[in-house]
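Numbers restart at 1 for each chain; the letters A, B, ... are given by sequence-line order, proteins then strands. No hydrogens, no waters, no symmetry mates; every other heavy atom, side chains included, goes into these values.
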Amino acid sequence: MEQRANAREYPYIIEMLNITKEFPGIKANDDITLQLKRGEIHALLGENGAGKSTLMSVLFGLYQAEKGEIRKNGEKVRINDPNDANDLGIGMVHQHFKLVDVFTVLDNIILGVEPGKMGFLSKKKARQKVLELSKTYGLNVDPDALIEDITVGMQQRTEILKMLYRDNEVLIFDEPTAVLTPQEISELMEIMKGLAKEGKSILFITHKLNEIMEVADRCTVLRKGKYMGTVDIKDTNVQELSRMMVGRDVSLVVDKGPAAPGETVLSVKNLSVKSKLHKRDAVHKVSFDVRRGEIVCIAGIDGNGQTELVQALSGLDKPYEGSIELSGEDVTRKSIRYKNTHGISHIPEDRHKHGLILDYSLGENMVLQRYFEKDFQRGGFIKFDAVRRYSDALIEQYDVRSGQGAATPARSMSGGNQQKAIVARELDRRHDLLIAVQPTRGLDVGAIEYIHSRIVKSRDEGSAVLLVSLELDEVMSMSDRILVMHSGEIVAELDPKETTVEELGLYMAGAKRQNTGDTEDEK
Amino acid sequence: MKNKTSVERTSPCLAVRILRSEAVRSILSSVLCIIGGILVGAIILILLAAFSEDIPISDAFSGLLIILGGPFASGNTADILFNLGDMLLEAAPLMMTGLSVAIAFKTGLFNIGAPGQYLMGAMTSLLVALSIPTTEQNAFFVWLLALVAGVLSGMLWGAIPGLFKAVFNVNEVIVCIMTNWIAANVVSWIFSITGDRYINIAETKTKFIRTTASNGVATPKLGLDKLFPGSNIDISIFIVIAIAIVMYLMINKTTFGYELKACGYNKNAAKYAGMNEKRNIILSMAIAGGLAAGGAALWYLNGKNDFLWNTYSSLPSEGFNGIPTALLAGNNPIGVIFSATFLRYIDKGGFNLAGYTAFNEYVSDLIVAVIVYFAGFSKLFRDLLVMKKKRKNKIDPGK
């Protein structure tokens, strides 16, 4: 007990000192130090590929560092696998929740540490503990609800309860706000503050600077695998943080002039797509136009039909009703190849599922829709020289970081650079319509700034842009017009200059709707 | 450029880079497989000799040498040449089934249907070669027709599992296994109803179909039989090597191969890119089927090889052996040339083992099987090679 009391006095609960971790061709972590105080919210900030994930993987025992040590309460510890991390009271809410959809909240919480005797479950005590925890920390969630029936925010609370149920003292949140609505985000911020007040130590991985300013006590910044320093939030501001992260001044506001919409490029009428998950339509009688020179943004909470709408537009899925016109031509039933070669560029939602062939090299991925063009093949043989030259130029132009240029296996690249490669490929193809689905998901400020500016440039050069985004900041700053989708329908058309994030949130949550097409639109 | 250089890179010297390259790792892992198989084989030989009263322990060592010697352990020069010729002849169909499995693997499909495709190819080419009298048609023309017909039948047979996979999303392994047994029964049934017409009654070998030589149809030898006297060798080995090179070029250098591989690696991304992923799955399986059937056609069109027509209860081993052949070659079409030749080389050694030592022929089959079995571990060895490198980088963080 005495030792424990001593431990209580030691200010740092977890310290990672001088961590170095190397991968073939790259130093992912180079002499990084991170000290987490008891009861603080400590943000870990860095661009993609800055080494945040690697550092957390070292803390979780997924990787072993070549140099450096990890201490808990000042004592050196060894973390060989995630079980060791768990024993030390370290828990993590992953970006993609690790929950069993058909289990209840309670079942998910006790999964792996099921209470019981001789193989028989006894959930009574567990339920008691879960109820107490949710009361203490204000984590409102029904323990008997099925995961598949509750909102993403509730699922996240379940993940938090999972950590608390295991008596974890160090809680790691990996980009927790990426999937939430603005209302849910502010709730999460309150929860995090409450947890810290109760003595939990929180490590908050993010690249959203306002969130850090709002909730964190201190912030450690990484850049390209190197330690840039730790700052007190009360002594800093957004500009300084972004400068530390990127290494230069970053414009945080999208620099775009007013839109000059021209003729209609995409015209969608009465489009309906059947859902694969439920009996209702995934997309129900959706109509809208996108004109040359404007960015139309489809806002909405994940899973409200945006994916199916885009797949119907790109040809990956077939609508059962309605029509799609591209520059006046009906392309509803045309093949994907036809649409690809007739003016549609598409940055897909899931870069691993659709965007890239991970077993191909970066160069081979760069010509995914163009390998058959005269520039890249002769008599059925691919001109690998031309492919390499073309992709090296794109890599250079779009600052895609890769170990071996065009020859780099796509699988070995960081997520952000994979995304940059896709953006480069799609923007470089001749296009009248750019469909960009969450083009900056998982990217850092520098890359977001760059991709946003490229999309705006594409607009200014006369493309019609349909942007699908879950990020409200992106929706508000990028769009010239906003269409809000809820339950497969477009429930509102808004002007970003005249609406607020809060109002947008209400439409997204389905609490409000315009009668689209009706003249009595509210202002 | 400034950004790129600031990311620290380790630049190993040339020798290290060569050692780390994919190709070298591939070859190295295959060689390790072979060594592993031989070591285990040696242990079995020693154990058998130690526990058997009839086999002197010295036989275990000489036995190992005989297996490793392959056809060269055959004694006199005449026997060596004869065995070498046969080795090359027998390697050809194995290369074809190896290519069949390798091409399918490359495109993300597991072609375990090679035995069935092999049988269909054998049946079709025999029917064509024996049905058209060479008194009326040019024998070479009949040979070519039989070969093409055999390949086409295999393509059709292979397309069936491809079709089921593409249209109904049924796993190709299940359909392949079913089509194997359907082929086995179809072949038995066809030859049982055609009866006397094709069965080798003249030589009172009623279990077999007449050899194509009985109709004057045989693969050209171009003097190879003079080079390897006594052997049935023909030019099929060269035809197959040419096919392997064509397959290598197709899969690695052409837009067609690019599409096939893309569909194999990531069906969704291929679809997104506008490729017809369903058509490509069917084509992949058809090509694989055609290759396996082509192997059978070449083997039976040799003119001297007997076809056991009552196949309903067994499937040809050439079909299944295509799997270890492909694995040992790391699914590289050029590698298949070497892996198939090596497996036939060991086969000849096994055959000699029974002749020159007290081990019986079952033991030699066993040793060959062990080596073939180890061929399946090539991926494991490849992963181990990568892991070893990683472990070297590790230091004990707990010290």
Side-chain angles (χ1 to χ4, degrees), chain A residues 21-27 30 49 58 64-70 76-80 224-226 247 314-316 335-341 346 348 350-360 364-365 367-372 376-377 379-382 384 395-396 399 401-403, chain B residues 1-12 16-17 19-22 25 105-108 246 248-280 331 386 389-399:
Chain A
K21 172 73 198 165
E22 212 173 305
F23 292 110
I26 210 154
K27 252 187 186 168
D30 186 3
V58 169
Q64 303 297 323
E66 276 108 49
K67 275 189 213 125
E69 59 182 60
I70 301 172
K76 193 173 205 170
V77 290
R78 223 181 123 150
I79 304 177
N80 286 329
K224 288 173 191 157
K226 290 203 169 63
S314 65
L316 284 166
S335 70
I336 300 173
R337 172 66 45 89
Y338 186 88
K339 290 175 179 173
N340 275 347
T341 50
H346 175 199
D350 189 330
R351 56 179 167 254
H352 289 172
K353 190 176 174 194
H354 290 118
L356 292 170
I357 292 176
L358 292 174
D359 291 302
Y360 269 172
E364 286 170 313
N365 272 295
V367 293
L368 202 56
Q369 299 106 322
R370 305 186 58 182
Y371 62 93
F372 52 86
F376 301 113
Q377 63 100 13
F381 283 81
I382 293 183
F384 282 100
I395 289 166
E396 174 86 45
D399 189 27
R401 294 189 198 141
S402 54
Chain B
M1 266 342 269
K2 202 181 151 209
N3 286 333
K4 277 185 198 161
T5 43
S6 63
V7 178
E8 264 193 57
R9 278 197 212 144
T10 46
S11 51
V16 175
R17 252 182 299 161
L19 270 176
R20 280 184 185 175
S21 82
E22 193 65 39
R25 212 160 39 193
F105 266 137
K106 275 271 178 195
T107 58
V246 168
Y248 174 82
L249 292 176
M250 184 198 84
I251 209 80
N252 290 309
K253 303 287 178 201
T254 66
T255 52
F256 181 57
Y258 177 91
E259 276 198 24
L260 290 186
K261 277 190 296 178
C263 293
Y265 289 143
N266 185 346
K267 204 168 69 173
N268 293 309
K271 192 178 173 191
Y272 156 85
M275 300 172 193
N276 188 339
E277 89 285 8
K278 289 182 162 54
R279 187 198 66 184
N280 284 345
N331 297 325
V386 180
K389 216 168 61 195
K390 270 193 194 156
R391 200 163 294 153
K392 250 186 225 162
N393 292 341
K394 251 188 214 176
I395 60 151
D396 194 342
K399 270 178 196 160

With rounding to the nearest 0.5 Å, note down the distance linking [atom1] in [X] to [atom2] in [Y].
X	Y	atom1	atom2	value
A:Leu356	B:Asn268	CG	CG	12.5 Å
A:Tyr371	B:Glu259	OH	CD	3.0 Å
A:Ile336	B:Tyr272	CD1	OH	10.0 Å
B:Asn266	A:Tyr360	CG	OH	10.5 Å
A:Ile382	B:Tyr258	CD1	OH	6.5 Å
B:Lys271	A:Arg337	NZ	CZ	14.0 Å

### Task
Could you pull out the closest heavy-atom pair between B:Ala269 and A:Ile357, with the gap in Å?
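Closest approach of B:Ala269 to A:Ile357, heavy atoms only: CB-CG1, 3.7 Å.
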#### Entry: Heavy-atom pair of closest approach, residues A:Phe372 and B:Thr255
CA-CG2, 4.5 Å
Quick one: which of [options] has the most heavy-atom pairs under 4.5 Å with chain B, could you say?
options	answer
A:Pro348, A:Gly247, A:Gly315	A:Pro348
A:Lys339, A:Gln369, A:His352, A:Lys353	A:Lys353
A:His354, A:Glu364, A:Gln377	A:His354

In terms of heavy-atom proximity below 4.5 Å to chain A, should [X] be classed as side chain, backbone, both, or neither?
X	result
B:Met275	both
B:Asn276	neither
B:Lys267	neither

Which answer fits [X], side chain, backbone, both or neither, if we ask what part of it has an atom under 4.5 Å from a heavy atom of chain B?
X	answer
A:Phe384	side chain
A:Val367	both
A:His346	both

